[in-house]
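Remember, it's a predicted structure, so these values are computed and weren't measured experimentally. We count ligands from 1, going down the list as the structure has it; atoms in each ligand are counted the same way. Computed over heavy atoms, backbone and side chain alike; hydrogens, waters and symmetry mates excluded.
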Amino acid sequence: MTRALLLSFSPHGKAAHTFKLARAFLSDLVPGAAVIERDYGGQALPPLTREYANALTSTGGLSGNATALSEQLIVELEACDLLIICTPVHNFTVPAALKAWVDHVVRIQRSFTVNEQFEKVGLLDDRRTFVLVSSGNSRKGHEPDFLTPYMTAILATVGIRSVEFVYLGAMVRGEDAVKRAVEQAHRQLSEAISTGL
Ligand SMILES: Cc1cc2nc3c(=O)[nH]c(=O)nc-3n(C[C@H](O)[C@H](O)[C@H](O)COP(=O)(O)O)c2cc1C
């Protein structure tokens with residue numbers, strides 16, 4: 001049975017088009033999946049504490065209460081074999097809600113380590129991942145895209161390399177544009193999933 005983790009980083013939470021699409025995708029194309037849903041756009045993760053920052057940047061400080069939330073989020077991530085990240089573009093990049101999740105999950109000596117060449121090496125298993133990206137602009141090179149390279153690099157840092165991006169563009173251009181974007185994204189997901197999970 002597929003274990004899916006569905007994360008929303010939209011201020012619209014579970015009402016976001018990306019999230020609703022992800023739910024439809026799972027019920028249509030991955031029936032029987034056990035799904036855990038989290039809305040970190042509507043209910044933001046807490047900011048990093050000084051104790052957490054110290055735990056990550058000093059030797060011997062990598063356990064205890066300071067990393068409890070981080071541990072919970074990583075364990076939840078490790079438990080899934082299908083990860084779906086639903087996110088808007090905010091000012092050319094990830095929203096703050098998603099950056100907060102990254103800062104809790106990408107933890108030295110837990111989800112990644114550093115080798116003798118000072119390269120970061122992921123410690124988590126790879127897993128099929130879809131990043132559903134909603135934007136006001138269409139993806140026609142009108143503006144920089146820092147989200148795609150950032151999410152590619154950050155997921156690879158923890159070991160997740162099987163990542164596919166699905167873009168829902170022109171989402172501020174009226175109902176027809178939204179409908180077109182959602183249908184196209186659903187088609188892309190169907191084609192992707194036809195290659196198997
Ligand atoms: C603070 C903020 C910044 C945004 N910045 C961008 C941007 O840089 N590029 C873009 O195409 N759309 C931008 N948008 C538009 C959103 O990406 C777009 O409305 C998206 O569909 C929202 O998705 P959601 O409903 O899941 O939150 C921005 C929206 C907000 C609220």
Revision key, fill the gap. among protein heavy atoms, the one nearest atom 18 (C) of ligand 1 is G136 N, 3.5 Å
Revision key, fill the gap. One finds that the ligand 1 atoms under 4.0 Å from a non-hydrogen atom of M171 are 21 (O)
Practice item. Answer whether the closest heavy-atom distance between the side chains of L77 and L73 falls below 4.5 Å. Key: no
Review point. Can you tell which of R107, R110, H104 makes a side chain to side chain donor-acceptor pair (under 3.5 Å) with S70?
Key: R107
Exercise for review: Verify the distance criterion only: is there a donor paired with an acceptor across the side chains of D39 and Q43 at less than 3.5 Å?
Suggested key: no
Check your understanding: Is the closest N or O pair between E143 and ligand 1 shorter than 3.5 Å?
Key -> yes
Review point. Tell me: protein heavy atom nearest atom 29 (C) of ligand 1, and distance?
Key: H90 CD2, 3.6 Å
Check your understanding: Do any nitrogen or oxygen atoms of V89 come within less than 3.5 Å of a nitrogen or oxygen of ligand 1?
Key -> yes
Review point. In the protein, which heavy atom is nearest to atom 25 (O) of ligand 1, and how far is it?
Key: H12 CD2, 3.0 Å
Exercise for review: Flag yes if L123 and L56 sit in one hydrophobic cluster, no otherwise; membership is Ile, Leu, Val, Met, Phe, Trp, Tyr, and two members link when side-chain heavy atoms are under 4.5 Å apart.
Suggested key: no
Practice item. Below 4.0 angstrom from a heavy atom of F92, which ligand 1 atoms are there? Numbered from 1 as shown, please. Key: 7 (C), 8 (O)
Review point. Does an N or O anywhere in V172 fall below 3.5 Å from an N or O of ligand 1?
Key: no
Check your understanding: Do S134 and ligand 1 have an N or O pair less than 3.5 Å apart?
Key -> yes
Check your understanding: Is any side-chain N of the basic residue among D103 and K99 closer than 4.0 Å to the acidic one's carboxylate O?
Key -> yes
Check your understanding: Going by the atom numbers of ligand 1, which of them fall below 4.0 Å from some non-hydrogen atom of A16?
Key -> 26 (O)
Check your understanding: So which protein heavy atom does atom 24 (P) of ligand 1 come closest to, and at what separation?
Key -> S10 OG, 3.3 Å
Review point. What class does the angle between the rings of F9 and W101 fall in, given that below 30° is parallel, 30 to 60° is tilted and above 60° is perpendicular?
Key: tilted
Review point. Is any side-chain N of the basic residue among E78 and R127 closer than 4.0 Å to the acidic one's carboxylate O?
Key: no
Study note, to complete from the structure: Numbered in order shown, the ligand 1 atoms found under 4.0 Å of a heavy atom of N137 are 10 (C), 11 (O)
Check your understanding: Does I108 belong to the same Ile/Leu/Val/Met/Phe/Trp/Tyr cluster as L69, with side-chain heavy atoms less than 4.5 Å apart forming each link?
Key -> yes
Point to revise | Electrostatic pair E183-K179, nearest N-O below 4.0 angstrom | key: yes
Point to revise | Nearest protein heavy atom with distance in Å, relative to atom 5 (N) of ligand 1 | key: N91 N, 2.8 Å
Review point. Going by the order shown, which atoms of ligand 1 are within less than 4.0 Å of some heavy atom of P11?
Key: 27 (O)
